[in-house]
Amino acid sequence: GGAAATGAAASGSGTGTGSGPAADASYSGAPTTVPAMMLDGRPDTAWSNYYDKPATANIKAVSVSDREDWVSLSWPEPQRLSGMQASFTTGGPMALPASATVSFWDGHRLVPVRNLTITWATASGEATTFTFDPVTTRSVRLTMTSKAPGTGSGFLQISELQAVTG
């Protein structure tokens, strides 16, 4: 284990300021749930893939979860990492992922980390811990599979995302 590398400010576009990480995601469900919300140090803000499109005259209302989404952290300089912590919100339409993988940028492509161990949180807002053999990288990605894809109850939400250095 090591210290958690927390972020400075980051925008929803995946750019950051200072030496802290920038956050990005495969999809954000609303303008208020962009990736930067995982780095602001506030448990009341979060990234989420949750969306709820209201009905129109021609289209029914829709709110169905994706099968898979990812979030990532990137730095301007290489970091030595041995884990990640993600604080998932659960309850209502939000659930822990059914499974998750962690990969890192090796300079050419994303590669799965070795010896990944996941300690799932037991309550909403608590940290789920992902530990793995140390890697040196500028970017790490957490890919999550929904517990209930294609339904209204398999959405993902992360209030805090940190990399563990060491």
Side-chain angles (χ1 to χ4, degrees), residues 1-14 16 20-55 61-75 79 81-104 110 112-113 115-132 139-166:
T6 58
S11 74
S13 66
D24 203 357
S26 53
Y27 176 78
S28 295
T32 55
T33 59
V34 295
M37 300 299 186
M38 297 182 293
L39 304 181
D40 64 5
R42 295 178 48 192
D44 61 326
T45 63
W47 163 84
S48 182
N49 64 357
Y50 175 78
Y51 70 95
D52 189 2
K53 301 290 183 204
V62 64
S63 181
V64 293
S65 57
D66 291 335
R67 185 184 77 76
E68 182 178 277
D69 274 304
W70 57 260
V71 294
S72 67
L73 295 173
S74 300
W75 294 264
Q79 307 289 311
L81 308 176
S82 59
M84 297 179 78
Q85 292 182 336
S87 297
F88 290 97
T89 303
T90 57
M94 309 301 175
L96 284 173
S99 63
T101 60
V102 176
S103 53
F104 71 99
L110 286 167
V113 297
N115 297 314
L116 176 64
T117 302
I118 304 173
T119 304
W120 294 100
T122 57
S124 183
E126 287 186 357
T128 291
T129 303
F130 305 86
T131 55
F132 45 83
S139 182
V140 63
R141 178 182 287 188
L142 173 62
T143 303
M144 302 155 290
T145 302
S146 172
K147 275 190 174 173
T151 73
S153 61
F155 289 99
L156 304 167
Q157 182 168 301
I158 300 173
S159 61
E160 296 298 318
L161 182 67
Q162 299 179 335
V164 178
T165 58

Any donor-acceptor pair under 3.5 Å linking the side chain of Ser159 with the backbone of Gly125? no
Is the Tyr51 ring parallel, tilted or perpendicular to the Tyr27 ring (thresholds 30°, 60°)? perpendicular
Any heavy-atom pair between the side chains of Val140 and Gln79 that's under 4.5 Å? no
Under 3.5 Å donor-acceptor, Ser146 side chain and Gly154 backbone: yes
Looking at Thr45, Asp44, Asp40, which hits side chain to side chain donor-acceptor pair (under 3.5 Å) with Arg42? Asp44
So do Thr131 and Val164 actually touch side chain to side chain, heavy atoms under 4.5 Å? no
Taking atom types as modelled, find out whether Asp24 and Ser72 have a side-chain donor-acceptor pair closer than 3.5 angstrom. no
To check you understand the geometry: which heavy-atom pair defines the closest contact between Trp47 and Met37, and what is its length? N-CB, 4.0 Å
Using the test side chain to side chain donor-acceptor pair (under 3.5 Å), find all partners of Ser139 that sit at least two apart in sequence or belong to another chain. Ser74
The test is side chain to side chain contact (heavy atoms under 4.5 Å, CB included); show your working for Asn49 and Met144 and say whether it passes. CA-CA 11 Å; Asn49 64 357; Met144 302 155 290; over 6 Å; no
Considering only heavy atoms from C-beta outward, does the side chain of Leu156 approach that of Asp66 to under 4.5 Å? no
Taking the side chain as every heavy atom from C-beta outward, state whether Leu110 and Trp70 have any pair of such atoms under 4.5 Å apart. no
Roughly how far, to the nearest 0.5 Å, is CG of Asn115 from OG of Ser82? 12.5 Å
Residue pair Met38 / Glu160: nearest heavy atoms and the distance that separates them: O-OE1, 3.3 Å
Non-hydrogen atoms of Pro35 and Ala23 that approach each other most closely: O-CB, 3.5 Å
Closest heavy-atom pair and its distance - Ala100, Leu116: O-CD2, 3.9 Å
Value rounded to 0.5 Å, distance of CG in Leu161 from OG1 in Thr128: 11.0 Å
Is the shortest heavy-atom distance from the side chain of Phe132 to the side chain of Pro112 under 4.5 Å? no
Could you check whether any side-chain heavy atom of Thr145 comes within less than 4.5 Å of a side-chain heavy atom of Pro97, counting everything from C-beta outward? no
Which atom names give the shortest non-hydrogen contact between Ser153 and Ala95, and what distance separates them? O-CB, 4.0 Å
Enter the distance from Ser99:OG to Lys147:NZ here, rounded to the nearest 0.5 Å. 10.5 Å
Closest contact, heavy atoms only, Leu142 versus Ala86: CD2-CB, 4.1 Å
Any Thr151 side-chain heavy atom under 4.5 Å of Val64 side chain: no
Step-by-step side chain to side chain contact (heavy atoms under 4.5 Å, CB included) determination, Leu81 to Trp75: CA-CA 12 Å; Leu81 308 176; Trp75 294 264; 3.7 Å; yes
Leu96 and Trp120, any side-chain heavy atoms less than 4.5 Å apart: yes
Approximate separation, where rounding is to 0.5 Å, of Gln157 CD and Tyr50 OH: 10.5 Å
